[in-house]
Amino acid sequence: MEPRELLEALVAVVATLGELAATVAGPYGDVLLHVSPRSLQKALGTFISHLQDTLDHQGVTSLGQALAAFRANLGATWAHVTAAASAWRDAVAMIEDSWARLAREATELCDACRDAATREATTAATANTQARDLQDKATRWGTAQENLVAKAWQLPLATDKEKGASEEAAHEARLAAASKEMEAASKAMEDAVVARSEGEAATRRGQRAEVALGLLGRLVAACDEATAFPRELQRRLRDIEATLKGTNEASPDVPEGLVAKVAKAEQLWEASSRLATRHLLRTLGDICRLPGGPGAHAVAERCQRAIEDIPRLLEGQ
């Protein structure tokens, strides 16, 4: 990847994160997870904090300056040069580890959100099936109840005292049965309404989880692509250190090819630092304030300005 593309990949992570945070922001946008912290909103807050730490990498002793001082006999030794190269390599290795961790975190969030979507879909299906079954039972009980009530209100005709008492007892039993049937039908209707409401709520939660899942998939892909930035720096540093080992450390005549390699690597390193401080860290601050703050549209505009600024940043401006 070209330097511009490497830096654009960093912006893409922030831009995608902004879309995702805007989607789940607010009391009715969150996705409930079965893993800690049980909330996608809270999990994204932790992810943003880790991303801020990764982008805000600390400066290291300039290898280019160490080489220049060595060439000009300004008190720098070859040990200073190799120490600067080693410190830079260690700093890049830490950033590479941080990006790998971010990619893992994004994948874990994606898996948790997928589980949530599946769980809500199952809950909705179960609740809707229960609602239909209860509705069917209520309808059947209602029909039986009407028949029973019709019979129950048929007053018995007593032909003699003993038979009259028996028929009256049977009549009372039919009335009691009709009352129970009415209660059962009413309860079934109430339960059907509750089950239907639970199914609708689970459907809405599942839909939110599905939307978030799509954005999390994009975040995983963006983080994977962003890991190319530290990998490329590591590749360049390995090449530089290999050249350092083959250089006559007793002579101040440092090969121009080595100087050029160092300059290009530092150009990329410093451009990424300026990209973070001038654009990405501020944008992440805006994302943390969603749904308040400047808003999702402003976040997208900031990311677009960051991309447009990359050529100037690579030129050292």
Side-chain angles (χ1 to χ4, degrees), residues 12-51 101-140 185-226 283-284 286-300 303:
V13 173
V14 176
T16 304
L17 188 57
E19 288 185 59
L20 177 58
T23 298
V24 302
Y28 303 108
D30 200 5
V31 176
L32 304 181
L33 307 176
H34 263 199
V35 296
S36 181
R38 306 289 182 181
S39 160
L40 183 54
Q41 286 180 2
K42 292 181 179 179
L44 288 180
T46 301
F47 185 90
I48 289 172
S49 177
H50 292 165
L51 179 57
R101 182 183 66 175
L102 286 169
R104 288 194 302 272
E105 288 180 3
T107 300
E108 289 168 359
L109 286 178
C110 192
D111 292 342
C113 192
R114 184 179 295 105
D115 290 343
T118 301
R119 185 178 66 254
E120 298 296 0
T122 301
T123 299
T126 301
N128 290 333
T129 299
Q130 184 181 19
R132 287 193 299 270
D133 291 344
L134 288 169
Q135 183 68 51
D136 291 342
K137 288 181 180 179
T139 301
R140 291 195 302 272
S186 177
K187 181 65 166 58
M189 287 296 294
E190 292 174 1
D191 290 345
V193 171
V194 171
R196 189 176 300 111
S197 177
E198 290 177 350
E200 291 172 352
T203 297
R204 289 192 295 272
R205 292 194 301 269
Q207 290 171 343
R208 291 200 300 269
E210 287 290 349
V211 173
L213 180 60
L215 289 168
L216 279 166
R218 286 173 50 195
L219 182 63
V220 171
C223 286
D224 286 341
E225 189 166 353
T283 305
L284 288 173
D286 291 342
I287 292 173
C288 286
R289 292 193 292 273
L290 291 171
H297 183 66
V299 168
C303 290

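What you see is a predicted model; the values in this text were computed from it and never measured. Just so you know, residue 1 is the first one in the sequence shown, and it goes up from there.
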Give the minimum heavy-atom separation between [X] and [Y], together with the two atoms involved.
X	Y	answer
F47	E105	CD1-OE1, 3.5 Å
H50	L102	CB-CD2, 3.8 Å
A296	L290	N-CD2, 3.6 Å
I287	A21	CG2-CB, 3.5 Å
T283	C303	CG2-SG, 4.0 Å
V220	C110	CG2-CB, 4.1 Å

- Task: For residues L44 and L109, determine if any side-chain heavy atom of one lies less than 4.5 Å from a side-chain heavy atom of the other.
- Result: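 Yes, close enough: below the 4.5 Å cut-off.
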- Message: I want to check something: taking the side chain as every heavy atom from C-beta on, are T107 and D111 in contact at a cut-off of under 4.5 Å?
- Response: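 Side chain of T107 against side chain of D111, heavy atoms only: contact under 4.5 Å found.
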Nearest 0.5 Å, please: how far is [atom2] in [Y] from [atom1] in [X]?
X	Y	atom1	atom2	result
L20	L219	CG	CG	6.5 Å
R205	E200	CZ	CD	11.5 Å
L51	T46	CG	OG1	12.5 Å
R218	E225	CZ	CD	12.5 Å
D30	R208	CG	CZ	8.0 Å
R119	L32	CZ	CG	7.0 Å

- Query: Is there a donor-acceptor pair closer than 3.5 Å between any side-chain N or O of D286 and the backbone N or O of G295?
  - Reply: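 No, because the side chain of D286 does not come within donor-acceptor range (under 3.5 Å) of the backbone of G295.
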- Message: Under a plain distance cut-off of 3.5 Å, with no hydrogens placed, do R132 and T129 share a side-chain donor-acceptor pair?
- Response: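 Indeed, the side chains of T129 and R132 share at least one donor-acceptor pair under 3.5 Å.
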- Query: For atom CD of Q41, is the number of surrounding heavy atoms from other residues, nucleotides or ligands below 6.0 Å larger than 12?
  - Reply: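 More than 12 heavy atoms, drawn from other residues, nucleotides or ligands, come within 6.0 Å of this atom.
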- Task: Take L17 and L284 through the test side-chain contact (heavy atoms from CB on, under 4.5 Å) and record every step on the way to the result.
- Result: CA-CA 9 Å; L17 188 57; L284 288 173; 3.9 Å; yes
- Message: Test side-chain contact (heavy atoms from CB on, under 4.5 Å) on L213 and V31; report intermediate values, then the result.
- Response: CA-CA 10 Å; L213 180 60; V31 176; over 6 Å; no
